[in-house]
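To start, the structure under review is shown below, and the notes come after it.
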Number of protein chains: 2
Amino acid sequence: MARPGDQTKARIVAAALESLHEEGILGASARAIAKRGDFNQGLIFYHFGSLTDLLLAAVDELSTQRADRYEQRLEEVSTLPELVRVAGELHREDMEQGHITVLSQMLAAAATDHTLRAPMRERFDPWIEIVERTIVRALGDTPYAQVVPAHDLAFAITSLFIGLELFLNLEDETERDDSGVFTTFELLGSMLQAMLTSLPPPAPA
Amino acid sequence: MARPGDQTKARIVAAALESLHEEGILGASARAIAKRGDFNQGLIFYHFGSLTDLLLAAVDELSTQRADRYEQRLEEVSTLPELVRVAGELHREDMEQGHITVLSQMLAAAATDHTLRAPMRERFDPWIEIVERTIVRALGDTPYAQVVPAHDLAFAITSLFIGLELFLNLEDETERDDSGVFTTFELLGSMLQAMLTSLPPPAPA
DNA sequence: GTCTATACTTGGATAGAC
DNA sequence: GTCTATCCAAGTATAGAC
């Protein structure tokens with residue numbers, strides 16, 4: 001399956017991810033990426049056609065890297081507050097490895113680059129679905145399954161992931177205090193717990 | 001107080017805001033801004049010194065524009081779920097007028113441009129404080145005042161504002177459905193309501 | 001498949017005439 | 001305070017030798 005050139009393509013994608021992480025979308029130029037990966041700049045256009053297509057390939061790489069991990073961790077989840085706790089852990093992993101920076105930078109670019117919009121939506125939909133499916137499974141056959149809007153909740157949680165990253169990045173590395181993130185997710189967890197406890201269960205049939 | 005040149009400075013700032021909104025940080029170049037405002041490109045550097053300083057001045061303009069409106073609307077708020085409802089309305093206003101696009105684009109830029117970090121943090125802190133003060137006021141002297149982490153909640157709500165904007169921008173204008181936003185804030189409102197109802201009130205002194 | 005060299009465009013910023 | 005003209009660095013992308 002491995003064709004000649006695949007190794008180079010992988011190197012280019014890796015350098016693109018690194019550039020997006022370290023220098024953001026503003027610094028992810030063809031020249032900067034090539035310099036970082038120590039290969040010739042023209043190779044980007046030979047292998048990917050355009051810089052935009054390389055950046056999208058980088059997002060794809062990230063997605064496949066993380067999809068397994070997410071599925072695996074979320075499978076153990078059986079209650080909603082548990083989901084929030086595991087989501088907090090996954091969020092921390094992604095923050096540490098810079099994944100969310102890459103995604104938020106690409107999302108910001110997609111906000112005004114219309115050619116990026118549809119491709120980025122395609123790449124995010126599966127992630128929202130993973131969260132949504134987990135929510136539905138966590139609710140199981142409890143009476144709340146029909147009351148909680150799973151898709152909207154999944155959408156909100158995913159949005160929170162991205163928003164938190166942008167704000168946490170504002171803090172200085174030296175003074176950064178991770179407790180804020182944990183607190184946020186713990187807060188969300190107890191809110192969900194409370195909501196489920198106090199929601200009037202639908203009338204029995 | 002109005003010095004000569006102030007009118008031009010205002011025009012430049014207005015054009016910068018427009019550019020950030022329409023073309024994002026990637027399209028907010030000195031030349032593009034000058035073309036949009038129909039003034040000479042050199043004026044940006046004469047009046048603001050650098051493009052970065054102009055963009056920060058644009059964020060300042062936005063902040064002062066909106067601060068009054070926020071204070072005014074949030075003053076009427078006296079319960080936490082009410083806060084969430086009003087926050088949802090303010091979010092809609094900001095979305096419609098493109099303010100959040102401007103902020104999210106600048107936040108994305110600040111993530112990797114270290115010279116933007118401290119200035120952007122300075123400009124966001126007051127906003128988080130406004131939300132935090134409102135939360136504290138809404139909790140008033142209820143027994144929950146000591147249990148709810150007001151700062152973290154304010155931080156999370158503000159992050160959600162930004163994250164939602166980036167995601168909602170992915171949808172096509174034609175197919176965009178605002179109900180998602182409202183649902184998200186209504187959801188948050190009922191979660192808060194539920195949390196307050198079910199939280200064990202602290203033991204009386 | 002990979003490299004060098006280059007075409008062409010756009011970017012931030014400044015000098016100097018008005 | 002504003003304009004024109006210009007410098008120079010950096011951007012995307014391509015042609016052609018190897």
Side-chain angles (χ1 to χ4, degrees), chain A residues 1-59 105-106 108-110 112-116 119, chain B residues 1-59 105-106 108-110 112-116 119:
Chain A
M1 267 306 173
R3 300 185 209 162
D6 275 8
Q7 204 185 346
T8 304
K9 286 186 78 166
R11 271 181 65 206
I12 296 177
V13 166
L17 280 173
E18 223 179 289
S19 285
L20 277 171
H21 177 212
E22 301 289 333
E23 306 177 69
I25 188 73
L26 289 168
S29 70
R31 286 177 136 95
I33 292 170
K35 190 173 182 183
R36 190 174 283 273
D38 195 35
F39 50 81
N40 191 275
Q41 181 239 137
L43 288 179
I44 288 176
F45 302 95
Y46 173 79
H47 283 293
F48 296 93
S50 72
L51 176 61
T52 299
D53 285 340
L54 165 58
L55 296 180
L56 285 173
V59 173
Q105 291 293 309
M106 288 297 288
T112 48
D113 178 350
H114 292 204
T115 69
L116 273 178
Chain B
M1 269 307 173
R3 301 186 206 159
D6 275 8
Q7 205 185 345
T8 304
K9 286 186 77 164
R11 272 181 65 207
I12 296 176
V13 167
L17 280 173
E18 223 178 290
S19 284
L20 277 172
H21 177 212
E22 301 290 333
E23 305 177 69
I25 189 72
L26 289 168
S29 70
R31 287 179 137 94
I33 293 170
K35 190 174 182 182
R36 191 174 283 272
D38 196 34
F39 51 80
N40 191 277
Q41 181 238 135
L43 289 179
I44 288 176
F45 301 95
Y46 173 79
H47 283 291
F48 296 93
S50 72
L51 176 60
T52 299
D53 287 339
L54 165 58
L55 296 180
L56 285 173
V59 173
Q105 291 294 307
M106 287 297 289
T112 48
D113 178 349
H114 292 204
T115 68
L116 273 177

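Hydrogens, waters and symmetry mates play no part in the numbers below; they use all other heavy atoms, side chains included. Every chain is numbered from 1, with letters handed out A, B, ... down the list of sequences.
Comparing D/dA13, D/dT2, C/dC3 by their closest approach to the side chain of A/Gln41 singles out D/dA13. Ranking C/dT2, C/dA13, D/dT12 by closeness to the B/Ser50 side chain, first place goes to C/dA13. The side chain of B/Arg31 approaches C/dA13 more closely than any other nucleotide in the set D/dG1, D/dG11, C/dA13. Comparing C/dG12, C/dC3, D/dT2 by their nearest atom to the side chain of B/Thr8 picks out D/dT2. Comparing atom distances between the B/Asn40 side chain and each of D/dT4, C/dG12, C/dT2 picks out D/dT4 as nearest.
Contact annotation: A/Ser29 reaches the phosphate of D/dG11 (side-chain N/O to OP1 or OP2, under 4.0 Å).
Rounded to whole Å, the distance from CZ on B/Phe45 to P on C/dG16 is 18 Å. Nucleotide D/dA10 holds its C1' atom 13 Å from the CD atom of A/Glu23, rounded to whole Å. Atom CG of B/Leu43 is separated from atom C1' of C/dA15 by 15 Å (rounded to the nearest Å). For the pair A/Asp38 CG and C/dT2 C1', the computed distance is 13 Å after rounding to whole Å. Rounding to whole angstrom units, CZ of residue B/Phe48 and C1' of D/dT2 are separated by 15 Å. Atom CG in B/Leu26 sits roughly 12 Å away from atom P in C/dG12 (whole-Å rounding). Remark: P of C/dT2 and NZ of A/Lys9 are 11 Å apart, rounded to the nearest angstrom. Computed from coordinates, the B/Ile44 CD1 to D/dT4 C1' distance equals 16 Å when rounded to whole Å.
In terms of heavy atoms, A/Ala32 sits closest to A/Gly27 at CB-O, 3.3 Å. Here the closest non-hydrogen pair linking A/Ala109 and B/Leu26 is CB-CD1, 3.9 Å. Minimum heavy-atom separation, A/Asp38 to A/Arg11: O-NH2, 3.2 Å.
Each of A/Gly27 and A/Gly42 has a nearest nucleotide on DNA chain D; the 5'-most of these lies closest to A/Gly27.
Comment: A/Arg36 does not engage A/Glu22 in a salt bridge, judged by the lack of any side-chain N to carboxylate O separation of less than 4.0 angstrom.
Within 4.0 Å of B/Phe39, counting heavy atoms only, lies no atom of the nucleic acid at all.
Counting heavy atoms from C-beta outward, A/Leu55 and A/Phe48 have side chains that stay 4.5 Å or more apart.
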